[in-house]
**Q** 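Take a look at the following structure, please.
If you're wondering where the values come from, they're calculated on a predicted model, not measured in any experiment. In what follows, chains carry the letters A, B, and so on, assigned in the order in which the sequence lines appear, proteins first and then strands, with residues in each chain numbered from 1. The analysis underlying the following values was restricted to heavy atoms, covering all of them including side chains, and did not include hydrogens, waters or symmetry mates.
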Amino acid sequence: MDFNVLIQNVFNGLAVGGVYAIFALGYTLVFSILGIINFAHGAVFTLGAYFTYAFLGARFGFNGLLANQQLPFGVPFPLATLFGGLAAGVISVLIERVAFRPLRNRGADPLLTLVSSLGVAVAIVNVIQYLVGAEAYSYPSLTISLGIPPSVMLGGERPIVIRTVQIIIFSVSMVVLVLLTYFINYTKVGKALQAVAEDQITSRLLGINTDRLIVVTFFVSGFVGGIAGTLVGLSVSITGPYFGIAFGLKGLAVIVLGGLGSVPGAVLGGLVIGLGEALVPAQYVGYKDAIAFAVLFIVLLVRPRGILGRTLVQKV
Amino acid sequence: MSMLEAVRVTRNFGGLCAVNAVSFAVEQGEIFGLIGPNGAGKTTLFNLVTGLTEVSDGVVNFQGARLSGLKPHQIAAKGIARTFQNIRLFANLSALENVMISQHIHTRANVFDSILGTPRMRREEKMVREKAMSLLELVGLADRADDQARNFSYGDQRRLEIARALALEPTMLLLDEPGAGMNTNEKAALSDFIRQIRQQFDLTILLIEHHVPLVMGLCDRIAVLHFGQLIALGVPQDVQRDPAVIEAYLGDT
Amino acid sequence: MEDFIKQYGFLIIQMTFAAMLGLSMYLPLMAGQLSLASAGFYAIGGYIAAVMSTTVFAVPRGAPFPIEHLLMEMLVAGVVSAILAVIVGVPSLRLRGIYLALATIALVEIVRVVSLNLEITGGAIGIFGIPQPFNDKFSYGYIAFPMLLISAFFAYRLERSRIGRAFVSIREDELAAAAMGVNPTYYKVLSFVMGAVLAGMVGAVSAHFLNTWNSRQGTFDASVLYLAFVIIGGSRTFVGPIMGGLLLTALPEVLRALANTPDLFAAPVAKFLSDGRWIVYGVLIVIGTIFFPQGLITPSLFKWRPLKRWGLGRAKPALKEETA
């Protein structure tokens, strides 16, 4: 692999890795608070992308209940992304109410919660399919509408080509990460979240309203997940109702690699797996989608708590 | 040779030293009490002996062989059974099933025996069931053998846990606060019961207890833990007079 | 009767497979382990049968495929699944918690990606023209029905043995089970391997039954579907996943029949019943976990009134269809 191609692939990897990272953060936030993996997160990611499509005022396709429908208005892309994220956040909160809270209040086996979240994922994906069909959707070209060139060339004779979309994705990912880190470490709500993650019962005794914080967690998780969905949709189009599921599964590898429940771990894990996929030699590119899962196996074998995870102390 | 021997056993959780270089030895046939204020490290010490928590430093020996580094099920197979402070029965299973499970290491039926129902497997099942029933009788729960463990009263759950531990046919029995939640009369009966099972099953018993009169009347020797340190060790009368012990308890309240 | 078999023979065999796949999910769950690998082992078993029957065991086009070769393929599928299950199970089952679920999702995805890329598995197209041991689909019952009976009997005996008790004790409280002398890792891996072998063998038969095999056979979705069999049917006795598999596989046909009955439902409802069955599945899983955490078939049903299980086996799912 020559140097230019290498650099090019590193840029590709960082852009994809950034999305993996913010996607995985949604998992990690919920895991650190509740100790469960929310399998519906992949579906929320998908919803985010579709919501953004709707807020752009774009028309849906020929299949499904909403065939040929569109919103009577459309907003510019950055605003649509924000709205899409907010809507995904709201859905995420609803999921918590319907599928998680009843089980939590009963003190049910975490396995049941996991199964319940799988059920939500299946339902959402198929509701999407029922409403707008299984076809692919692309956002109306952003670069043209904003008058930005579609790619940037670096270097002279054999330039490194970076797609504008990748720059946007990477920057948005980083902005989201910085804001989230700030939120968790420097705001009152964020600190309360950390306390709940540390010890739910004590936090409740100290007067922290854990139920409300869990709602906040799900909202934030859904919000960043929805934005991640939009970013991927922007990069490769929305390939159908299932497109979040593949991400959802890779996201699991990301959080295990980084360390379950660790926020910086999710970021690191996302970038590592994004880079790993981008650096797969061309002749093995068909196996790219297996990289994340191979990594997951290796981590389970070698260092189950992940790169930045803490050892969990089990109370006897 | 001592039955159980702890040599400078230490356990750190992060920066907290839950058990700090604790050494003691329990002799065969003894009832050995472990007392101390809340958070003194008693249950942690139990977990270190039974392998549920790994030691950070030091060793635990049982009948002269090293326990540290073994898995909990291996330690159980060596003849150490225990109960739990916060009762860990198999809540959705019947009392009988709870006790039957503990005879696991004394049975041999493999997958094929089990599926084909070989004579060996049938014999074993019969033996296991009878043994379990007799232990339920011993703790006075035989008439409720088929009830789910979760439906038992607190005191009955504690007794069921002891029956389950005895089914392991242990040499040594670790009881974590067996009298918790019992009134004075029940505690007296419990004392008699513990002496009875020591006699009947030839046990060495290590127990954690808060209730001082119970410990004083029942135990042959006592070790006192305070903030992870062993501060006194000896026969009840001596320990009771030990200034360090008085200080620890009065300071606590 | 002949008409019935002609129309529903295919479905009945599918229901039988589904019941066994439900059982294959149930076995690890007995030991409290959520495995999503059944679809992966099912896919592997199918590829083994597909490859073997079109290469080493190849028969001239249209000639009947010898049953003993099919049984041999099932054996190979079972052995390969068992070995793979140990390789996947040991590292993830040493750990407590959800690691098995994660590792098995990884397995399913790796199997899918690898089978898409390998030449021997036919890449994205898959393997076609898998030879037929029987003249019609319903005759697969000669293999499928005894298989279901044997595996059900296996599960029945297992539940009443020391091994079954060891599984269940781990599900109830892994630490307490260990303290009582049960080796959790060993029994968790054993339960996982049992499920894997069953799924692999079903896959081998299924490849012949479906005549073609490709990477869409073992997906994450399929795993979730099998999980639904157990959760809805019941996870506390082997009867649960079997009933779950039978009923949920028949459900789409029932829904379709309902949708096609004129004047029974308004058109949008009928359309929803036929196109929205996966939505119904998803909602059923959520409702099941929240309101029936032990599933429809629970051991206590058998203790009360033995005959009652007939009534409940039918009445309850109908009730849930309405709520969904």
**Q** Non-hydrogen atoms of chain A under 4.5 Å away: do they reach the side chain of C:I279, the backbone, both or neither?
**A**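 Both backbone and side chain of C:I279 come within 4.5 Å of chain A.
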**Q** Between A:P304 and chain C, which part of the residue has a heavy atom less than 4.5 Å away: side chain, backbone, both or neither?
**A** both
**Q** Is A:A99 in contact with chain C via its backbone, its side chain, both, or neither, using a 4.5 Å heavy-atom distance?
**A**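 Contact with chain C involves both backbone and side-chain atoms of A:A99.
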**Q** In this structure, are over 12 heavy atoms from other groups packed under 6.0 Å from A:R106 atom CZ?
**A**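 Counting neighbours around CZ of A:R106, more than 12 heavy atoms of other residues, nucleotides or ligands fall under 6.0 Å, so yes.
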**Q** Any side-chain heavy atom of C:T289 sitting closer than 4.5 Å to one from A:T113?
**A** no
**Q** What do the steps show when you test A:F31 against C:I98 for side-chain contact (heavy atoms from CB on, under 4.5 Å), and what is the final call?
**A** CA-CA 11 Å; A:F31 185 89; C:I98 47 148; 4.3 Å; yes
**Q** With only heavy atoms counted, which part of C:I87 is less than 4.5 Å from chain A, the side chain, the backbone, both or neither?
**A** neither
**Q** Which heavy atom of A:A294 sits nearest a heavy atom of C:I110, and at what distance?
**A**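 A:A294 and C:I110 have their closest heavy atoms at N-CD1, 3.9 Å.
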**Q** Quick check for you: to the nearest 0.5 Å, what is the distance between C:E109 atom CD and A:L296 atom CG?
**A** 11.5 Å
**Q** Within the structure provided, determine whether A:F293 and C:V111 are in side-chain contact (heavy-atom separation under 4.5 Å).
**A** no
**Q** With a 4.5 angstrom heavy-atom cut-off, which part of A:V127 approaches chain C: side chain, backbone, both or neither?
**A** both
**Q** Pick one of side chain, backbone, both or neither for C:L225, based on which atoms fall under 4.5 Å of a heavy atom in chain A.
**A** neither
**Q** Is it the side chain or the backbone of A:I124 that comes within 4.5 Å of chain C heavy atoms, both, or neither?
**A** neither
**Q** Counting only heavy atoms not in C:I125 (residues, nucleotides, ligands), do more than 12 fall under 6.0 Å from its CD1?
**A**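 Incorrect, the count does not exceed 12.
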**Q** For C:I290 and A:F100, run side-chain contact (heavy atoms from CB on, under 4.5 Å): C-alpha distance rounded to whole Å, both residues' side-chain angles, the deciding distance at 0.1 Å, then the answer.
**A** CA-CA 9 Å; C:I290 293 173; A:F100 286 40; over 6 Å; no
**Q** Please determine whether side-chain contact (heavy atoms from CB on, under 4.5 Å) holds for the pair C:F220 and A:L118, giving the CA-CA distance in whole Å, both sets of side-chain angles, and the decisive distance to 0.1 Å.
**A** CA-CA 11 Å; C:F220 179 66; A:L118 278 171; 3.6 Å; yes
**Q** I'd like to know whether CG of C:L118 has more than 12 heavy-atom contacts from other residues, nucleotides or ligands below 6.0 angstrom.
**A** yes
**Q** So with a 6.0 Å cut-off around CZ of A:R303, is the heavy-atom count from everything else above 12?
**A** yes
**Q** Which atoms of A:Y287 come close to chain C, meaning under 4.5 Å heavy atom to heavy atom: side chain ones, backbone ones, both, or neither?
**A** both
**Q** Relative to chain A, which segment of C:R94 carries a heavy atom at a distance below 4.5 Å: side chain, backbone, both, or neither?
**A**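 When you check distances to chain A, only side chain atoms of C:R94 fall under 4.5 Å.
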**Q** Among A:G35, A:A246, A:A123, which residue forms the greatest number of heavy-atom pairs with chain C at distances under 4.5 Å?
**A** A:A123
**Q** Using a cut-off of under 4.5 Å for heavy-atom pairs, which of C:V108, C:N117, C:I285, C:L102 has the most such pairs with chain A?
**A**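 Most heavy-atom pairs within the cutoff with chain A belong to C:N117.
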**Q** C:L227 versus chain A, heavy atoms under 4.5 Å apart: side chain, backbone, both or neither?
**A** side chain
**Q** Need one label for A:L103: side chain, backbone, both or neither, based on atoms under 4.5 Å from any heavy atom in chain C.
**A**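 Just its side chain gets close to chain C.
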**Q** At a heavy-atom separation under 4.5 Å, does A:I37 approach chain C through its side chain, its backbone, both, or neither?
**A** side chain
**Q** Let me know if A:Y284 has heavy atoms under 4.5 Å from chain C in its side chain, its backbone, both or neither.
**A** neither
**Q** Answer with side chain, backbone, both or neither: which region of A:L112 has an atom nearer than 4.5 Å to a non-hydrogen atom of chain C?
**A**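 Both backbone and side chain.
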**Q** Below 4.5 Å from any heavy atom of chain C, which atoms of A:L114 appear? Answer side chain, backbone, both or neither.
**A** side chain
**Q** For C:V88 and A:F297, run side-chain contact (heavy atoms from CB on, under 4.5 Å): C-alpha distance rounded to whole Å, both residues' side-chain angles, the deciding distance at 0.1 Å, then the answer.
**A** CA-CA 8 Å; C:V88 175; A:F297 266 118; 3.7 Å; yes
**Q** Which bit of C:V114 is near chain A, if near means a heavy-atom gap under 4.5 Å: side chain, backbone, both or neither?
**A**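 Both backbone and side chain.
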